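Below is one structure; the comments refer to it alone.
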Protein chains: 2
Amino acid sequence: MSRTLDEVAKSAGVSRSTVSRVINDHPSVSDETRAKVQAAIEQCGYRPNAVARSLATNRTNILGMVVPESVTKLFTDPYFPLMLRGATEACNRRGYHLILSLFTASVESSIMHDRIARSGYLDGLIAANASLDDKLIPGLFAEGIPFVNIGRHPDDRVNYVDVDNRGGARMATEHLVRLGHKRIAMIGGPADMTPAQDRLDGYLEVMSTHRLPASKGLIAEGDFTEAGGRAAMLELLAENPTAVFAASDSMAVGAVKAIRAQGLRIPDDVAIVGFDDIPSARTVDPELTTIRQPIERIGQLAVEMLINVIDGKAAEGNMAATQRFVLPTELIVRGSCGSS
Amino acid sequence: MSRTLDEVAKSAGVSRSTVSRVINDHPSVSDETRAKVQAAIEQCGYRPNAVARSLATNRTNILGMVVPESVTKLFTDPYFPLMLRGATEACNRRGYHLILSLFTASVESSIMHDRIARSGYLDGLIAANASLDDKLIPGLFAEGIPFVNIGRHPDDRVNYVDVDNRGGARMATEHLVRLGHKRIAMIGGPADMTPAQDRLDGYLEVMSTHRLPASKGLIAEGDFTEAGGRAAMLELLAENPTAVFAASDSMAVGAVKAIRAQGLRIPDDVAIVGFDDIPSARTVDPELTTIRQPIERIGQLAVEMLINVIDGKAAEGNMAATQRFVLPTELIVRGSCGSS
DNA sequence: TTGTACGCGTTATCAT
DNA sequence: ATGATAACGCGTACAA
């Protein structure tokens, strides 16, 4: 099975420490012995035991991605696989591993919390869009474990990576205004999620700027799912909007179906713009005009920031400044709003 | 930070060993001291250090889910999030952690392989639909690390969990035959993936039984993506089929769009049945008749089997029998084939 | 440059 | 039932 340092040392005729130095690229070892040791390593098929190494260094090179229960339900939305792919990609590059923890109803979250945060297996963790009132984040502070949240968080101490949700929502709404729409409805997300808040704010801001109505009836709350978007759109249709901004592409796809179900045409009767630019935005008919956010990049950035935080903490004590990053969004014009 | 066994022992006025026994529910410890130790544990806020424990026990309670590069591309298909959710769910229940490794182009797969299989961090791993010619599986045997594949594998020694792909494909095709269709086309998956093979075989079997044509022109190879399904359907339409069986719902959704793009109606002009029963099968218009496979259950079962394999190996040496499990599929009739 | 010796936090074996 | 003590495999001051 697994050879040990001692065996390699014996085989190379040196001491254990020397082999260890070779493995960790320590400078002070003669080229001669280095070569000798390398050979022995090859020959034995030696691989360092990560667990033992972790015990000695107090570092595991394992990060955690924790998905709050409220978000686990949305896990099939392409957003998460994409973000996750970005995160694992970055981990691959940096030589880290990623433990994925979805909080589910079957296990009490306090137990999950303990297993995740206090096991000692994790160098740090990424919170996948923990909502404002999530007990997760306070818990992490209490535990003193390095973490990065995906999505902004009002607490000053929270490191996060976010996208310009508000700016994106403004672009989306402006686009519809530019096309001459007056009655522009919005399908929002759950009120306790900051992306939903910010996208709503961006919409309201533009509506207000142009002195357009944004009454209660023009705003419906979805849940970021396609079914939710469909239901929300059904409500909204009673108000006869000529355009809709959906806070996610999944909801936009649902809205498209609701609109069609009423015998209305897109974009002729109702124009629609989404948010995310997930793959299906290009496969809907008509293709979805949407706000692109660099989803994989978010995951990548989150792990890179986290590694920085971990390294920084190790280096400078707890003095490291809070790290934050807000990625830009982009308007992608396709067919669902008519030609501009 | 993290208290240690010694501190608890000192605080409780016993030896380290006794505290260890209490933690591991060892029987031989008096109720009196047990209570005393429990109290000390509470008071210190002690939590066992998982890494140290792993070094001593040679068990990490961490499983790996490894996704071959060919499959990483399909990672946004709802199949994977669902399967993953099932797997993490089972891990939660059993007190295991799950490391997710997506093989990507950015890091050479031999390096990834080493990191995954030889790090010592993993008690075992799940291969997510490794295809037949994937170097992954031979590598795992060479390494002697316990694993379970998702999807059947011809090698006798491979533990796997699979679904009755062939039976499902038969049901799908039979359903179309029952509805009176003669020219039934099929959109298959990549030839090197066993689910694709099996679904094709099921289709061919039924076509042959009913002496229906299954010529080259009636079979197109997709890639399990929506775009691929669309392209495949476009080819097939030249043959004027009256029905199509798509080997995945994603491809079926693409096919629906291709059919519509030709001005044809579903199910009137072309009936269609998919495979998977992912959430979007219920949100397409018309809703998709499909073959349901219990996707989350697959993930759950994979980790449970894997844990069995690991425990079995620990218990009986390498004598444990190969474990296999084939889950049933189910025909779900919705609107995309017309009424039966 | 190289080797010695100790520590990382547990579990496990063996006395007592 | 309890307590020393030896692993587990590696990193790393410290000494040589």
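None of the values given here were measured: they were computed from a predicted structure. Convention: sequence-line order gives letters A, B, ...; per-chain numbering from 1.
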Could you tell me whether A/R59 and A/D311 make a salt bridge, using a distance below 4.0 angstrom between a side-chain N and a carboxylate O? yes

Atom pair distance, as rounded to whole Å: NE2 in A/H26 and C1' in D/dG11: 11 Å

Please report, rounded to the nearest Å, how far the C1' atom of D/dG9 is from the CG atom of A/N58. 16 Å

Between B/Y121 and A/T60, does any side-chain donor sit less than 3.5 Å from a side-chain acceptor? no

What do you reckon, are the aromatic ring centroids of B/F147 and B/F141 less than 6.0 Å apart? yes

For A/S30, report the nucleic acid contact type (base, sugar-phosphate, nothing); a contact means any heavy atom under 4.0 Å. sugar-phosphate

Would you please say whether a donor-acceptor pair under 3.5 Å links the side chains of A/S106 and B/E89? yes

Under 4.0 Å: is that the gap between some side-chain N or O of A/S54 and OP1 or OP2 of C/dC8? no

Flag if over 12 foreign heavy atoms under 6.0 Å of CD, A/Q38: yes

Over how many whole Å does the gap from A/K10 atom NZ to C/dG3 atom P extend? 14 Å

More than 12 heavy atoms of other residues, nucleotides or ligands under 6.0 Å from NZ of A/K10: is that the case? no

Mark up nucleotides 10-16 of chain C, 5' to 3', with B wherever a protein heavy atom is under 4.0 angstrom from a base atom, S wherever such an atom reaches only the sugar-phosphate, and - elsewhere. BBBB---

Using atom CD1 of A/I41 as one end and atom P of D/dC10 as the other, report the distance to the nearest whole Å. 11 Å

Which residue lies more 5' along DNA chain D, comparing B/P27 with A/L55 via nearest heavy atoms: B/P27

Take atom NZ of A/K36 and atom C1' of C/dG3, then tell me their distance rounded to the nearest Å. 13 Å

What is the distance, to the nearest angstrom, from the CD atom on B/E32 to the C1' atom on D/dA1? 11 Å

Per atom distances to the A/S15 side chain, the nearest of D/dT2, C/dG3, C/dT1 is C/dG3

Could you give the CG-to-P distance, from A/D25 to D/dT12, as a whole number of Å? 13 Å

Would you indicate what A/V14 reaches in the nucleic acid, counting non-hydrogen atoms under 4.0 angstrom: base, sugar-phosphate, or nothing? sugar-phosphate

Do B/S20 and B/S17 pair up side chain to side chain, a donor and an acceptor below 3.5 Å, judged on atom types alone? no

